[in-house]
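These values consider heavy atoms only, across backbone and side chains, with no hydrogens, waters or symmetry-generated copies. For the single chain, residues carry numbers from 1 onward in sequence order.
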Amino acid sequence: MKNSSRKELFNQVESLLGEYCNGCFVHQQFKQEGGRRYAHRFCISQCTVGEKLQEYGKKLI
């Protein structure tokens with residue numbers, strides 16, 4: 001994989017996080033109800049943005 005494509009992937013991840021994840025109401029609510037680990041688990045396993053982030057992560061490996 002070229003360096004430029006890695007940079008593009010990182011930029012896409014940053015924009016995705018900035019647009020959807022920063023200040024996410026669902027994450028904040030789950031964090032209050034079940035704790036930080038519960039909220040993080042939801043984001044990774046059930047949130048559509050988390051699934052997209054996993055796809056980007058697989059491309060970086």
As an exercise, state the distance from CD of Glu14 to SG of Cys21, rounded to the nearest 0.5 Å. 10.5 Å
Drop me the distance from Arg41's CZ to Cys47's SG, to the nearest 0.5 angstrom. 14.5 Å
With clusters defined by side-chain heavy atoms of hydrophobic residues (ILVMFWY) lying less than 4.5 Å apart, directly or transitively, does Tyr20 cluster with Tyr56? yes
Glu19: what forms a side-chain hydrogen bond (donor to acceptor under 3.5 Å, both in side chains) with it, not counting sequence neighbours? none
Looking only at heavy atoms, the pair that brings Glu51 and Gln46 closest together is OE2-O, 4.2 Å
Cys43 and His27: side-chain contact (heavy atoms from CB on, under 4.5 Å), yes or no, with the steps? CA-CA 7 Å; Cys43 292; His27 179 78; 3.3 Å; yes
Going hydrophobic residue to hydrophobic residue with side-chain gaps under 4.5 angstrom, can you get from Ile44 over to Leu17? no
Sequence neighbours excluded, the answer for salt bridge (charged side-chain N to carboxylate O under 4.0 Å, His left out) partners of Lys52 is Glu55
What are the two closest non-hydrogen atoms of Arg6 and Leu60, and how far apart are they? NH1-O, 2.9 Å
If you link ILVMFWY side chains whenever their heavy atoms are less than 4.5 Å apart, which other residues fall into the same cluster as Val26? By chain and number, please. Phe30, Tyr38, Phe42
Spell out, yes or no, whether Phe10 and Leu53 are grouped together once hydrophobic residues are joined by side-chain heavy atoms under 4.5 Å, including indirect joins. yes
